[in-house]
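Worksheet: the structure to be examined is printed underneath.
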Protein chains: 4
Amino acid sequence: MTILNHPDKTAILLIHCPDQKGILAAVTDFINVNKGNILYLDQHVDRKANVFFMRVEWSLEQFSIPKEKIEDYFNTLYALKFQMSFRLYFGDYKPKMAIFVSKMSHCLFDLLAHYSSDDWNVEIPCILSNHEDLAPLVEQFGIPFHYIPITKENKDAQEVREIELLDSYGVDFIVMARYMQIISDEFVAHYPNKVINIHHSTLPAFVGAKPYHAAYERGVKIIGATSHYVTADLDAGPIIEQDIIRISHKDSVEALIHRGQEIEKIVLSRAVEKHLQRKILVYQNRTVVFS
Amino acid sequence: MTILNHPDKTAILLIHCPDQKGILAAVTDFINVNKGNILYLDQHVDRKANVFFMRVEWSLEQFSIPKEKIEDYFNTLYALKFQMSFRLYFGDYKPKMAIFVSKMSHCLFDLLAHYSSDDWNVEIPCILSNHEDLAPLVEQFGIPFHYIPITKENKDAQEVREIELLDSYGVDFIVMARYMQIISDEFVAHYPNKVINIHHSTLPAFVGAKPYHAAYERGVKIIGATSHYVTADLDAGPIIEQDIIRISHKDSVEALIHRGQEIEKIVLSRAVEKHLQRKILVYQNRTVVFS
Amino acid sequence: MTILNHPDKTAILLIHCPDQKGILAAVTDFINVNKGNILYLDQHVDRKANVFFMRVEWSLEQFSIPKEKIEDYFNTLYALKFQMSFRLYFGDYKPKMAIFVSKMSHCLFDLLAHYSSDDWNVEIPCILSNHEDLAPLVEQFGIPFHYIPITKENKDAQEVREIELLDSYGVDFIVMARYMQIISDEFVAHYPNKVINIHHSTLPAFVGAKPYHAAYERGVKIIGATSHYVTADLDAGPIIEQDIIRISHKDSVEALIHRGQEIEKIVLSRAVEKHLQRKILVYQNRTVVFS
Amino acid sequence: MTILNHPDKTAILLIHCPDQKGILAAVTDFINVNKGNILYLDQHVDRKANVFFMRVEWSLEQFSIPKEKIEDYFNTLYALKFQMSFRLYFGDYKPKMAIFVSKMSHCLFDLLAHYSSDDWNVEIPCILSNHEDLAPLVEQFGIPFHYIPITKENKDAQEVREIELLDSYGVDFIVMARYMQIISDEFVAHYPNKVINIHHSTLPAFVGAKPYHAAYERGVKIIGATSHYVTADLDAGPIIEQDIIRISHKDSVEALIHRGQEIEKIVLSRAVEKHLQRKILVYQNRTVVFS
């Protein structure tokens, strides 16, 4: 079972443009008159920014426009007219997801579980790491593992190598499954809204190197995790998903870390799932997550 | 029904002291040999700080030490020996809770609901406000309402007046039910761990005057509320209770505020309930919340 | 602030009909060509039942069809063509909500809190009860209270009286705020999908008179509440909202009841809010709850 | 890091007995006078049943009673006196957990993730299945996989074989990770409170073969999962852990199943963790889950 849960021959359009009358009617009309059968449609208007957002998914079974010409036709006939930004995806394409890891396996494991049980319409062509620890686990799953150690001195060069490697695999997007390295702005610029990260979150937020220790000292009652797209501004990119778990004064710092990992893996997998379903549209620094 | 859910003739001891062998045995022995029947007992040892915490509640029905002498006996026989800090409460005493409000009624209403339906073992002798807006609501419930406007100029004098007023009512603790004034360190010093506040929390935390606007701009997926004891360091006092509510990109700033109020009132009422049940022990800047 | 959060001069259409191409385009076109400005639109297609559902809200500021003629025009031009069932609501109408209570006040209080702080666009013309206990509380709020005792013998007659009373107040819908009486099928038939009820829920569900005792005996770890429209099949009507709260072995039966009340009031208020926002569409025994 | 998070040389006592004065003092005294250092202590009194429950964990570093004699001493000196049922565990023993699976891998994967990352103090000597599907996955992890097909005819014989196999591995407890077979009362009787199961839960509960279809038809807003010890009365054993996940009308039956699996694996892993930590005490049909 795939969560996408529809026949392969589908198309998905993600659109945003300045709001004005008639957009929705125009887009649905485009699909209808060309004999596409709309499967899902969700739209949202940001009244503050006056921006229209839309996701529509339709069957290509009887669609009269050839698959390879849809983008061109839609662009010419509608996108220009309504000043749209849009992306077109096809259901029969299996996105290629690279995973970056360091030493911790909890998030990687949950991704591999979904991958391995065919929950998700995804291919994992390679896993990269700045440490060798997880190589045996990755190799168990028959996925190429690339060990790319990072030092201050070699960082720029290694990132170039990483990009070449990812390109050679035709990677579509990257998941940082607790990859404990800051990536450069140049690297980020290669993958706009295509690098998904996970980090712990606490209420209140604690800055510094030991957030769980700070959370413990303050006696917080919940800890959370936030998954977001990576932007140049570290950990401040558009949020995809968040959730929390309750803790108590009985939880030691180690227990907080353990509980934090439990919620991290759940939140990251949900974010990846939404991304694979093409349900996320980024506008400025916010996401619209279609349901 | 009261949530305390036990006969009135009970005593509650809250204790903390340096951890060492034999404390628990000594305290339970004190109660047992004097024919007290232990109803609830919860203890916790902070291994990092090496501090022992304990809450014990017992029936005084057949207790052989007269009520008014328990504190003295316990102090002499045990507290000095184990370097304990302790507090003794009696179940037949109804704590006097003052409420401070400004203009918003959501938290006040929830407190009055619990009060009015006799959920809680509490008396509300007075409600103070820096605005007159909620006077009619408060008077409906037959509770004295004191309008004490605050300006930069009169603040010190008004706080003195407030303390006099609270003293005249014999107030035991104060709940800030969205009281939109910063109280002075002097005021706080009069009520150590006796002023309960509620404030919104977001992940990540946004500083500044308009947190909900910032949360909206960032597209957060959950918003929360934190209830804590007020200390000199504003909004950084020991946390009593926290919880969150899920939101989405469809929620406007106004909707965020509305949802925030929903979770604020729930979290504040839970914190007040724990305080009334004598289940909270503050140590350094953390709470131990006994279950 | 009202949660509806838009100018009064709006219209809301709730539609369902057999799914076919062109419905969405037709409806949005109807609004657009007549100069209505769409504020919110949400749609859903039930692929299993092949039914199309839609909620659209638009501004009437410049709408060229007079308010009183919209229903007729829409019916003639679209509803017949697409075999639609639809309802039309106007934002400047304040729905009249009657509340039925027995002896417990927790749900009533939460409804009154929202009402009294003007959160909701609602009028409460009357509160009915089979007990006199809550009369003083209701009268505090200046709302007429009708005491209508129910016995086996007088039940039919009293329900007739209730309907007359509700009609005389022009009541639009009824909220059963822990009204501990089973209402007859005849009564229900007068208010299809217009009576909102709340009841506790446990996992697993326990039948019989004392569900909290059964939940305690089984040692459940969560208890919940379900709000639904009342149908002839008791407690099996279309579900509007559900939520849960965590409990533990330390919670006595009384504590379970207390915690259950906390979640009941929250769930009921959320359900009423959705109903007031005209966000609920009932189809067969399910609700579509638009976001 | 292990979640047990303490030196190996510890002992854990789980006790229950009729409540009476002095039990707590006696037990803590036993540990103290023999130079054991109490690390964690939690107790609970069920006032309704008048039963005392206790979990105490202490360091054996300087404990004066030899490890192998503790059980005998405690039994002779205390258990008989207080009519205690008790169990004694040692922190340096690694429990042997067998896993039963059928075709679905989501729960198995999450257990292997915890196992493989050394989160848990556990050994997995074997995995049994009535289908061959998961053999390759299991073998990846170097764990013996036993394929034991079950038919009506061979069921009794196969269960005998299973018990022999489990005995040969010295298995301490069994986790049914979506094992889609009903096990016999005879099998259950061999492992009292030692077989952990997981099943979906809905509010309300739907009986019959297709609960997710029923939940869909009813339009439920949350689905849950319950982990419990298996008793002769199917799915009615003592509950260890429960949790829920929110769903909406947009979720198809397939999506409900997918979301159900997400919460099943989380709840099952939490239950196994509590079991491994020796934090669960079963009394009648309820669990006391120490914190």
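Only heavy atoms go into these numbers, but all of them, side chains included; no hydrogens, no water, no symmetry mates. Here the structure is a predicted model, which means the values were calculated and not measured.
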Between Tyr216(D) and Tyr212(D), does a ring-ring contact (aromatic ring centres under 6.0 Å, His included) hold up when you go through it step by step? CA-CA 6 Å; Tyr216(D) 176 86; Tyr212(D) 284 113; over 10 Å; no
Side chain to side chain donor-acceptor pair (under 3.5 Å) between His106(D) and Glu264(D), worked out: CA-CA 8 Å; His106(D) 58 287; Glu264(D) 279 171 5; 2.8 Å; yes
Whatever's closer than 4.5 Å to a heavy atom in chain D on Val253(C) counts as side chain
Using heavy-atom distances under 4.5 Å, tell me whether Glu217(C) contacts chain D through its side chain, its backbone, both, or neither. both
Tell me if the centroids of the rings in Phe53(C) and His249(D) come within less than 6.0 Å of each other. no
Need one label for Arg47(C): side chain, backbone, both or neither, based on atoms under 4.5 Å from any heavy atom in chain D. neither
Between Phe173(C) and Tyr191(C), is the ring centre distance below 6.0 Å? no
